[in-house]
Amino acid sequence: MTQVDRAHYAPGDPYTDSPQPIGFGATISAPHMHASACESLLPFLHPSATVLDVGSGSGYLTHVLANLVEPDGKVIGVDHIQGLVDMANENMAKGAEGKKLLDTKRVRFVKADGRLGWREEGPYDAIHVGAAAAEAHSSLIDQLKAPGRMFIPVEEGWSQHIWVIDKKADGRVEKEKLFGVRYVPLTDAPKN
Ligand code: SAH
C-alpha cells in the first residue's frame with residue numbers, strides 16, 4: 001500500500017486513516033479497511049492471479065491489488081457509475097506505474113452492475129466487494145475459482161459485517177463472518 005500514493009485517489013486528506021468522499025455519493029475506504037481486505041485475500045493473490053474488484057470507486061484498491069499480483073496477474077475494477085470509471089482511469093494514469101498497469105491491460109475498469117460480477121474475464125482467484133451487498137450474490141460465488149476467496153461486506157438489518165467466502169478446491173463453499181463495518185450500499189445504478 002505504501003507503493004501507491006493515495007493522494008492520486010483521494011481528493012482531500014489522503015494520508016489519514018479514514019474514508020474520504022470522492023463524489024457521486026461514493027467514498028474511498030479507510031486504509032485500514034483496504035489493508036484488512038488485502039490481508040484476507042493475500043493467500044490467493046499469486047503472481048498470475050485474476051482478481052475482481054467490485055465497486056472500484058476511486059481505483060486505489062484496484063491499484064494495490066494489481067501490485068500484489070505482479071508480474072502477470074490482472075485486476076478488473078467494476079463500478080456502475082461511468083463518472084467513477086472515468087475517475088479511476090484518470091487517477092491511475094497520474095503515476096507512471098499506474099499508467100503502465102492500464103497500458104499493459106493488467107488493470108481494466110468497466111461500467112457494469114457488480115452484483116452480477118464480470119463473467120467475461122472470470123473465474124477469479126479473488127473477489128473484493130467494496131460496497132455492502134444485500135446478500136452474498138450467487139453470481140459472484142459462481143465466478144470464484146476453486147480454490148478462490150471473496151471478501152464482501154453484507155447487510156444484515158441495521159448492521160453490516162465482513163464475510164469471507166471460500167470456494168475450496170473440491171467446490172465446497174465455506175462462509176466465515178468476521179467483524180462489523182460501515183460501507184455504502186451496493187445498489188441499482190442511478191437513473192441519470
Ligand atoms: N473500493 C472503492 C469503494 C468506493 S465506494 C474505493 O475505496 O475507492 C463503493 C462503490 O461501489 C461506489 O463507487 C459505487 O458507485 C459502487 N457501487 C455501488 N453499487 C454498485 C453496483 N451495483 N455495481 C457496481 N458498483 C457499485
Original post:
Does K99 pair with E97 as a salt bridge, N-O distance under 4.0 Å?
Top reply: no
**OP:** For the residue pair L101 and N67, establish whether any side-chain heavy-atom pair is separated by less than 4.5 Å.
**Re:** yes
Subject >> Pairwise side-chain contact, L45 with V51, heavy-atom cut-off 4.5 Å (strictly under) >> reply: yes
**OP:** May I ask you to check whether H161 and F179 place their ring centres under 6.0 Å from each other?
**Re:** no
**OP:** Could you tell me whether a side-chain N or O of Q160 sits under 3.5 Å from a main-chain N or O of A131, the two making a donor and an acceptor?
**Re:** no
**OP:** Could you check if a side-chain atom of H80 sits within less than 4.5 angstrom of a side-chain atom of T187, using non-hydrogen atoms only?
**Re:** yes
Original post:
What class does the angle between the rings of H63 and Y9 fall in, given that below 30° is parallel, 30 to 60° is tilted and above 60° is perpendicular?
Top reply: perpendicular
**OP:** Could you walk me through whether Y15 and D5 pass the side-chain hydrogen bond (donor to acceptor under 3.5 Å, both in side chains) test, one step at a time?
**Re:** CA-CA 9 Å; Y15 305 124; D5 192 346; 2.6 Å; yes
Original post:
Between the side chains of H32 and D17, does any donor sit under 3.5 Å from an acceptor?
Top reply: yes
Subject >> Side chains of D53 and T62, donor plus acceptor under 3.5 Å >> reply: yes
Subject >> Donor on one side chain, acceptor on other, Q20 and T16, under 3.5 Å >> reply: yes
Original post:
Applying the side-chain contact (heavy atoms from CB on, under 4.5 Å) test to W118, which of L140, I76, V54 qualifies?
Top reply: I76
Original post:
Taking C-beta and beyond as the side chain, do F24 and M87 meet within less than 4.5 Å on heavy atoms?
Top reply: yes
Original post:
Is the closest basic N to carboxylate O distance between E121 and K105 below 4.0 Å?
Top reply: no
Original post:
Taking all non-hydrogen atoms of both residues, which atom of G77 and which atom of S56 are closest, and how far apart?
Top reply: C-OG, 3.4 Å
**OP:** Could you check if a side-chain atom of T27 sits within less than 4.5 angstrom of a side-chain atom of I22, using non-hydrogen atoms only?
**Re:** no
Subject >> same_hphob_cluster(I141, I152) at 4.5 Å side-chain heavy-atom cutoff >> reply: yes
Original post:
When hydrophobic residues are tied together by side-chain contacts of less than 4.5 Å, even through go-betweens, does V164 share a cluster with M150?
Top reply: no
Original post:
Does the side chain of V64 reach to within under 4.5 Å of the side chain of C38, using non-hydrogen atoms?
Top reply: yes
Subject >> Heavy atoms from other residues, nucleotides or ligands near CD of E120 exceed 12 (cutoff 6.0 Å) >> reply: yes
**OP:** Measure across A30 and P19 and return the closest heavy-atom pair with its distance rounded to 0.1 Å.
**Re:** CB-N, 3.7 Å
Original post:
Can you name the nearest heavy-atom pair linking P43 to R149, along with the distance?
Top reply: CG-NH1, 4.0 Å
Original post:
What are the two closest non-hydrogen atoms of A37 and H128, and how far apart are they?
Top reply: CB-CD2, 3.6 Å
Original post:
What do the steps show when you test R115 against E135 for salt bridge (charged side-chain N to carboxylate O under 4.0 Å, His left out), and what is the final call?
Top reply: CA-CA 9 Å; R115 293 171 292 193; E135 56 178 301; over 6 Å; no
**OP:** Report the residues that fulfil salt bridge (charged side-chain N to carboxylate O under 4.0 Å, His left out) with R119, sequence neighbours left out, ordered by chain and then residue number.
**Re:** none
Subject >> Non-hydrogen atoms of L186 and A133 that approach each other most closely >> reply: CD2-CB, 3.7 Å
**OP:** Measure from the side-chain N and O atoms of K167 to the backbone N and O of L144, and report whether any donor-acceptor pair falls under 3.5 Å.
**Re:** yes
Original post:
Considering only heavy atoms from C-beta outward, does the side chain of H34 approach that of I28 to under 4.5 Å?
Top reply: yes
Original post:
Does any non-hydrogen side-chain atom of M33 lie less than 4.5 Å from one of I162?
Top reply: yes
Original post:
Is R172 salt-bridged to D170, going by a charged N under 4.0 Å from an acidic O?
Top reply: yes
Subject >> P11 to P21 - nearest heavy-atom pair and separation >> reply: CG-O, 3.5 Å
Subject >> Pair D125 + K74: basic N to acidic O under 4.0 Å >> reply: no
Subject >> Donor-acceptor under 3.5 Å (R6 side chain, P14 main chain) >> reply: yes
